[in-house]
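A quick write-up on the structure given underneath.
FYI, side chains are in, hydrogens and waters are out, and symmetry mates aren't considered; it's all heavy atoms of this structure.
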Amino acid sequence: AIFTVKTSNPFKPGYQPHVGYVHVRQNGGQEKKETFSFSVNDVYTKQENQYDEYLVSISLPPGKYKLRHIGGTSGVFPVHGNFAVPVFADVELKPNKIVYLGRVEATLRERKNDSEIRGGSPIPLIDQAVTGFGKGTFDINIYDNYEKDVALFKQAYPVLKSYSVEKAVLPPWKRPAEEE
């Protein structure tokens with residue numbers, strides 16, 4: 001599966017979220033659910049103090065999964081914050097298919113109340129406050145940007161030009177429930 005991610009932090013612009021990993025969990029009804037972690041490599045596009053964009057690919061056996069969260073860090077010594085974008089979207093992967101899951105845009109803003117999910121842990125207090133992750137929350141938009149995104153993937157990974165990429169865009173984002 002492939003998808004693009006754009007992260008931004010207008011709340012604390014000097015601390016843009018740098019994606020480092022994606023967590024996916026099996027979601028097929030089995031008693032024991034397995035979590036998979038995928039590293040996200042380099043930034044595809046960077047606009048200093050505005051946003052970063054990433055090309056993300058994950059390889060899993062066919063089945064039902066939940067794209068749980070996208071995480072990473074921001075900052076330089078001595079301030080270093082951690083974040084997690086709570087996507088919590090269901091996806092089904094078919095055998096021998098490359099699928100496009102869409103574009104995920106996550107923008108950090110200041111939390112308005114305690115019912116909003118934090119952008120990151122409040123601890124360590126200073127680091128998480130300075131970067132905005134402990135006092136912020138992510139607004140997330142998931143949408144179909146197939147033509148542009150698949151063209152970017154084929155440019156970055158020419159081997160994809162010989163394959164068909166099917167569209168399986170994630171549903172629009174909704175804030176996950178507390179039990180999730």
Side-chain angles (χ1 to χ4, degrees), residues 1-9 16-46 51-74 81-108 116-121 128 133 136-146 148-154 156-157 159-160 163-180:
I2 59 175
F3 59 101
T4 58
V5 174
K6 178 180 180 182
T7 57
S8 62
N9 184 357
Q16 293 304 310
H18 303 296
V19 173
Y21 63 89
V22 172
H23 281 173
V24 179
R25 176 172 257 177
Q26 271 183 324
N27 199 28
Q30 306 93 336
E31 282 192 32
K32 182 183 179 207
K33 294 183 180 181
E34 191 170 352
T35 300
F36 301 90
S37 185
F38 297 92
S39 293
V40 176
N41 295 325
D42 299 326
V43 173
Y44 184 73
T45 306
K46 181 181 193 69
Y51 64 85
D52 291 349
E53 293 179 306
Y54 303 85
L55 300 177
V56 179
S57 65
I58 58 176
S59 180
L60 289 164
K64 293 181 180 181
Y65 298 92
K66 185 174 290 275
L67 174 57
R68 291 181 53 85
H69 66 271
I70 299 165
T73 62
S74 184
N82 298 299
F83 71 90
V85 177
V87 180
F88 286 82
D90 292 326
V91 61
E92 184 170 357
L93 301 178
K94 304 288 186 192
N96 303 314
K97 302 285 183 192
I98 297 173
V99 294
Y100 168 74
L101 300 179
R103 180 170 178 81
V104 178
E105 293 188 352
T107 304
L108 190 75
E116 294 181 316
I117 300 167
R118 290 182 189 276
S121 168
Q128 292 298 90
F133 301 134
T137 188
F138 282 100
D139 288 328
I140 301 165
N141 185 21
I142 299 172
Y143 63 94
D144 182 356
N145 198 35
Y146 180 88
K148 184 177 178 187
D149 288 349
V150 171
L152 290 172
F153 271 98
K154 288 183 177 185
Y157 306 102
V159 71
L160 281 176
Y163 293 93
S164 170
V165 178
E166 295 182 10
K167 203 186 288 190
V169 178
L170 299 169
W173 185 74
K174 67 176 186 60
R175 286 199 187 274
E178 187 70 32
E179 58 273 6
E180 290 182 286

Exercise: identify the closest heavy-atom pair between Y51 and S8:
CB-CB, 3.9 Å
What distance do E53 atom CD and L55 atom CG have between them, rounded to the nearest 0.5 Å?
8.5 Å
Non-hydrogen atoms of N145 and Y100 that approach each other most closely
N-OH, 3.1 Å
Between CG on residue L170 and CD1 on residue I142, distance to nearest 0.5 Å
5.0 Å
F138 CZ to T7 OG1 distance, which is reported to the nearest 0.5 Å:
7.5 Å
How far does NE2 of H18 sit from OG1 of T73, to the nearest 0.5 angstrom?
6.5 Å
Say you draw a straight line from CG of L160 to CG of L152; how long is it, rounded to the nearest 0.5 Å?
11.5 Å
Please name the pair of heavy atoms, one in P86 and one in W173, separated by the smallest distance, quoted to 0.1 Å.
O-NE1, 2.8 Å
Roughly how far, to the nearest 0.5 Å, is the OH atom of Y65 from the CZ atom of R25?
13.0 Å
Evaluation steps, side-chain contact (heavy atoms from CB on, under 4.5 Å), between K66 and D90:
CA-CA 4 Å; K66 185 174 290 275; D90 292 326; 3.0 Å; yes
Closest non-hydrogen contact found for I117 with R175 is N-NH1, 4.5 Å
How about F36 and L60: do any of their side-chain heavy atoms sit closer than 4.5 Å?
yes
Please report the closest heavy-atom contact between G102 and F3, naming both atoms and the distance.
O-CB, 3.1 Å
Quick check against the 3.5 Å criterion: does Q128 have a side-chain atom that pairs as donor or acceptor with the backbone of N82?
yes
Could you go through the side-chain contact (heavy atoms from CB on, under 4.5 Å) check for L67 and V22 one step at a time?
CA-CA 8 Å; L67 174 57; V22 172; 3.2 Å; yes
Taking all non-hydrogen atoms of both residues, which atom of A106 and which atom of I140 are closest, and how far apart?
CB-CG1, 4.4 Å
Is S37 reaching over with its side chain to a backbone N or O of H23, donor-acceptor style, under 3.5 angstrom?
no
List the steps, then state whether side-chain contact (heavy atoms from CB on, under 4.5 Å) holds for Y21 with V56.
CA-CA 9 Å; Y21 63 89; V56 179; over 6 Å; no
